[in-house]
Enquirer: 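Can you read through this structure? Questions will come right after.
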Amino acid sequence: MQQKKGVAILGSTGSIGTQALEVIEAYPDFFDLQVITAQSNAQLLIEQAKKFQPNAVVIVDDTLYSTVKEALSSEDIHVYAGKEALCQVVEFNEVHVVLTALVGYAGLKPTLAAIDAGKDIALANKETLVVAGEIVTQRAREKGINIYPVDSEHSAIFQCLVGEFHNPIEKIYLTASGGPFRGWTTQQLETVTKAQALKHPNWTMGAKITIDSASLMNKGLEVIEAKWLFNLKPEQIDVIVHPQSIVHSLVQFTDGSMKAQMGLPDMKLPIQFALTYPDRFTTDFPRFNFMDYPQLTFEQADRTTFRNLDLAYEAMNRGGTAACALNASNEIAVQLFLEEKIGFLDIARTNEWVMNEASFIQKPSYEDYVAIDAMSREIAFTKHS
Ligand code: NAD
Ligand code: MG
């Protein structure tokens with residue numbers, strides 16, 4: 001029998017993580033869950049560990065170590081705590097692929113550790129490529145490992161490229177739902193509440209990416225993610241708003257032909273494809289029905305009202321540490337918005353401010369990214385304290 005695929009899920013208690021566990025549960029002969037991790041949701045982590053019997057779990061918040069350790073004391077499961085442990089568990093021999101389903105800059109170090117250990121990456125944690133795409137993709141090339149996209153748009157592009165890897169791409173179109181505030185004016189956005197921003201029309205996701213989707217920062221981050229995943233120039237990447245979220249993205253080839261990947265919005269499909277590529281496994285997910293969507297529509301993004309998209313293009317054009325600064329600022333601004341300390345439009349204002357104030361390094365080392373990330377967080381905080 002073929003060896004099972006050993007999987008580590010960083011961030012198993014989140015939106016992507018829990019859906020990934022559903023995928024793994026559906027194919028017990030194919031997957032072997034080795035590692036699961038969580039920041040602070042100890043109860044769900046314990047529950048998942050009891051059910052799936054992984055080799056190891058990590059609770060990043062080390063004040064919860066004894067809670068998890070005691071709850072799993074009668075199980076044959078190793079329990080670790082602290083963020084450094086994330087970098088160690090991805091190195092286990094039995095792990096073949098690491099699904100990065102944790103949120104934010106925190107994903108960078110464990111992703112690099114996994115690559116250095118020769119593990120394939122199923123990448124949901126787009127912030128890692130936004131912050132340090134150059135180092136991450138270069139190390140992956142050197143190690144000969146693959147980075148399989150989990151983000152639905154990038155999975156769509158990847159699916160369109162299967163069988164076309166030798167054919168040059170002319171450009172790609174990333175589709176965007178437009179979020180809950182599509183068509184709103186700056187004046188209307190000034191008084192938007194946290195509850196309104198957390199209501200995404202088509203997807204149920206973690207809080208940070210939901211706010212990013214409402215502010216179009218998510219699409220900006222995805223543009224940079226696409227640059228690194230598919231080795232594209234900024235001018236080869238375009239964004240088109242498609243409110244139904246059925247066409248997940250498109251590739252245009254040099255003969256003018258365009259390929260799109262379509263389906264109902266369900267993250268389990270791109271998660272599964274990232275883990276089973278090049279195969280497609282049969283699912284019973286609901287199928288698309290044309291009569292439910294007699295019209296698929298497309299429109300331009302409103303880049304004047306939603307500044308974050310252009311800020312991302314600007315960061316991508318500047319290169320170096322510009323996107324690292326933008327990401328750090330955005331993580332702080334989103335956190336402050338979720339704590340109801342700043343308004344919705346202050347997110348983009350903060351990001352623009354930090355991008356201009358933070359130091360810039362054109363050819364950064366890993367340590368430079370760490371320093372610029374910390375500095376940018378500080379500048380973002382200071383602006384609002
Ligand atoms: P989430 O908030 O639902 O889950 C995040 C997970 O990461 C949790 O398990 C949490 O315990 C863990 N975590 C949080 N902070 C951490 C830290 N500092 N260190 C270690 N672990 C930490 O988030 P999500 O919506 O599942 O998103 C995860 C990633 O996937 C993000 O980068 C997001 O942009 C990307 N993504 C999500 C979706 C989606 O549909 N949810 C779609 C595309 C891409
Ligand atoms: Mg996406």
Side-chain angles (χ1 to χ4, degrees), residues 8-22 35-48 57-62 64 68 80-87 89-90 98-111 113 121-131 148-158 174-179 198 200 202-213 215-226 229 239 242 245 247-249 261 265-271 274 327 330-331 334-335 338 373 377:
I9 305 180
L10 305 183
S12 64
T13 56
S15 160
I16 293 289
T18 51
Q19 294 180 85
L21 286 176
E22 286 180 49
V35 174
I36 53 177
T37 81
Q39 168 68 29
S40 52
N41 191 344
Q43 285 321 313
L44 184 53
L45 185 69
I46 291 163
E47 216 177 279
Q48 292 176 339
V57 306
V58 178
I59 183 82
V60 175
D61 177 350
D62 50 21
L64 294 164
V68 179
Y80 303 96
K83 61 182 177 187
E84 286 307 319
L86 294 179
C87 299
V89 291
V90 295
V98 176
L99 171 62
T100 61
L102 70 181
V103 59
Y105 170 85
L108 176 58
K109 206 171 173 195
T111 304
I121 306 292
L123 184 133
N125 175 238
K126 64 191 88 184
E127 293 92 344
T128 280
L129 285 185
V130 171
V131 170
Y148 298 108
V150 169
D151 215 347
S152 58
E153 296 78 0
H154 306 72
S155 175
I157 302 287
F158 181 57
L174 298 178
T175 52
S177 71
L198 281 173
H200 194 276
N202 304 339
W203 301 94
T204 311
M205 310 176 286
K208 197 253 175 186
I209 183 174
T210 306
I211 302 302
D212 285 347
S213 299
S215 74
L216 284 203
M217 187 74 257
N218 183 50
K219 211 48 57 181
L221 300 178
E222 291 185 353
V223 165
I224 302 174
E225 180 187 12
L229 280 173
V239 168
H242 167 48
S245 297
V247 176
H248 297 308
S249 280
Q261 188 265 339
D266 183 345
M267 284 309 295
K268 286 205 288 294
L269 206 146
I271 293 169
N327 177 73
N330 186 60
E331 288 190 22
V334 170
Q335 180 195 325
L338 287 171
D373 174 78
R377 282 166 197 270

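Indexing begins at 1, ligand by ligand and atom by atom, following the structure's order.
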Enquirer: Relative to the heavy atoms of A124, which atoms of ligand 1 are at a distance of less than 4.0 Å?
Expert: 30 (O), 32 (O), 35 (C), 36 (N), 44 (C)
Enquirer: What residue and heavy atom of the protein are closest to atom 40 (O) of ligand 1, and at what distance?
Expert: M205 CG, 3.2 Å
Enquirer: Give a yes-or-no answer on whether the side chains of H154 and E225 include a donor-acceptor pair shorter than 3.5 Å.
Expert: yes
Enquirer: Of all the non-hydrogen atoms in the protein, which one sits nearest to atom 32 (O) of ligand 1, and at what distance?
Expert: E127 OE1, 2.7 Å
Enquirer: Under a 4.0 angstrom heavy-atom cut-off, which atoms of ligand 1 come close to A106?
Expert: 17 (C), 18 (N), 19 (N)
Enquirer: Regarding atom 41 (N) of ligand 1: of the candidates S15, A207, S12, which has the closest heavy atom?
Expert: S15
Enquirer: Counting non-hydrogen protein atoms only, what is the nearest one to atom 4 (O) of ligand 1? Give residue, atom name and distance.
Expert: G14 CA, 3.1 Å
Enquirer: Inspect the surroundings of NZ in K83 and state if more than 12 heavy atoms from other residues, nucleotides or ligands are less than 6.0 Å away.
Expert: no
Enquirer: Specify the protein heavy atom at minimum distance from atom 15 (N) of ligand 1: its residue, its atom name, and the distance to 0.1 Å.
Expert: V103 CG1, 3.7 Å
Enquirer: Write down the atom of I36, the atom of S12, and the distance for their closest heavy-atom approach.
Expert: CB-OG, 3.3 Å
Enquirer: Do the side chain of T175 and the main chain of H248 share a donor and acceptor less than 3.5 angstrom apart?
Expert: yes
Enquirer: For atom 44 (C) of ligand 1, which protein heavy atom lies nearest, and how many Å away is it?
Expert: D151 OD1, 3.6 Å
Enquirer: Using a 4.0 Å heavy-atom cut-off, say whether S152 meets ligand 1 through its side chain, its backbone, both or neither.
Expert: neither
Enquirer: Please determine if S40 has a nitrogen or oxygen closer than 3.5 Å to a nitrogen or oxygen of ligand 1.
Expert: no
Enquirer: Given that the side chain starts at C-beta and the backbone is N, CA, C, O, which of these parts of I209 lies under 4.0 Å from ligand 1, counting heavy atoms, or is it both or neither?
Expert: side chain
Enquirer: Which atom names give the shortest non-hydrogen contact between I9 and A101, and what distance separates them?
Expert: CG2-CB, 4.4 Å
Enquirer: Taking all heavy atoms of K219 and all of L174, pick out the closest pair and write down the distance.
Expert: CD-CB, 4.4 Å
Enquirer: Let's go through S177 and H200 carefully: what are the C-alpha distance in whole Å and the side-chain angles of both, what is the deciding distance for side chain to side chain donor-acceptor pair (under 3.5 Å) to 0.1 Å, and is it a yes or a no?
Expert: CA-CA 9 Å; S177 71; H200 194 276; 3.2 Å; yes
Enquirer: Please indicate whether any nitrogen or oxygen in G11 is less than 3.5 Å from any nitrogen or oxygen in ligand 1.
Expert: yes
Enquirer: For residues A106 and V103, report the shortest heavy-atom separation together with the two atoms involved.
Expert: CB-O, 4.1 Å
Enquirer: If you compare all heavy atoms of D266 against all heavy atoms of W203, which two are closest, and at what distance to 0.1 Å?
Expert: N-CZ3, 3.5 Å
Enquirer: For atom 13 (N) of ligand 1, what's the nearest protein heavy-atom neighbour? Residue, atom name and distance, please.
Expert: Q39 CB, 3.5 Å
Enquirer: What protein heavy atom sits nearest atom 38 (C) of ligand 1, and how far off is it?
Expert: I16 CD1, 3.4 Å
Enquirer: Would you name the N/O/S atom of E222 that lies closest to the Mg ion (ligand 2)?
Expert: OE2
Enquirer: What atoms of ligand 1 come closer than 4.0 angstrom to any heavy atom of A101?
Expert: 5 (C), 6 (C), 7 (O), 28 (C)
Enquirer: Among V130, L108, L129, I224, which one satisfies side-chain contact (heavy atoms from CB on, under 4.5 Å) with N327?
Expert: V130
Enquirer: Applying a strict 4.0 Å limit to heavy atoms, is K83 in contact with ligand 1?
Expert: no
Enquirer: With heavy atoms under 4.0 Å as the rule, classify the contact between M267 and ligand 1 as side chain, backbone, both or neither.
Expert: side chain
Enquirer: For residues A85 and Y80, report the shortest heavy-atom separation together with the two atoms involved.
Expert: CB-CB, 3.8 Å
Enquirer: Are side-chain N/O atoms of T100 and N125 paired as donor and acceptor at under 3.5 Å?
Expert: no
Enquirer: Check V60 against ligand 1 and report side chain, backbone, both or neither, counting heavy atoms closer than 4.0 Å.
Expert: side chain
Enquirer: Decide whether an N or O pair under 3.5 Å exists between T100 and ligand 1.
Expert: no
Enquirer: Using the side chain to side chain donor-acceptor pair (under 3.5 Å) rule, take S245 and N202 through it: C-alpha gap first, then chi angles, then the decisive distance, then the call.
Expert: CA-CA 7 Å; S245 297; N202 304 339; 2.7 Å; yes
Enquirer: Within the structure, is a non-hydrogen atom of N125 found at a distance of less than 4.0 Å from ligand 1?
Expert: yes
Enquirer: What do you get for the angle at the Mg ion (ligand 2) between OE1 on E153 and OD1 on D151, to the nearest 10 degrees?
Expert: 100°
Enquirer: Nearest protein heavy atom to atom 29 (C) of ligand 1, by residue and atom, and its distance?
Expert: L102 O, 3.5 Å
Enquirer: Among P270, G17, G206, which residue places a heavy atom closest to atom 1 (P) of ligand 1?
Expert: G206
Enquirer: May I ask you to decide whether K208 forms a salt bridge with E127, counting only side-chain N to carboxylate O separations under 4.0 Å?
Expert: yes
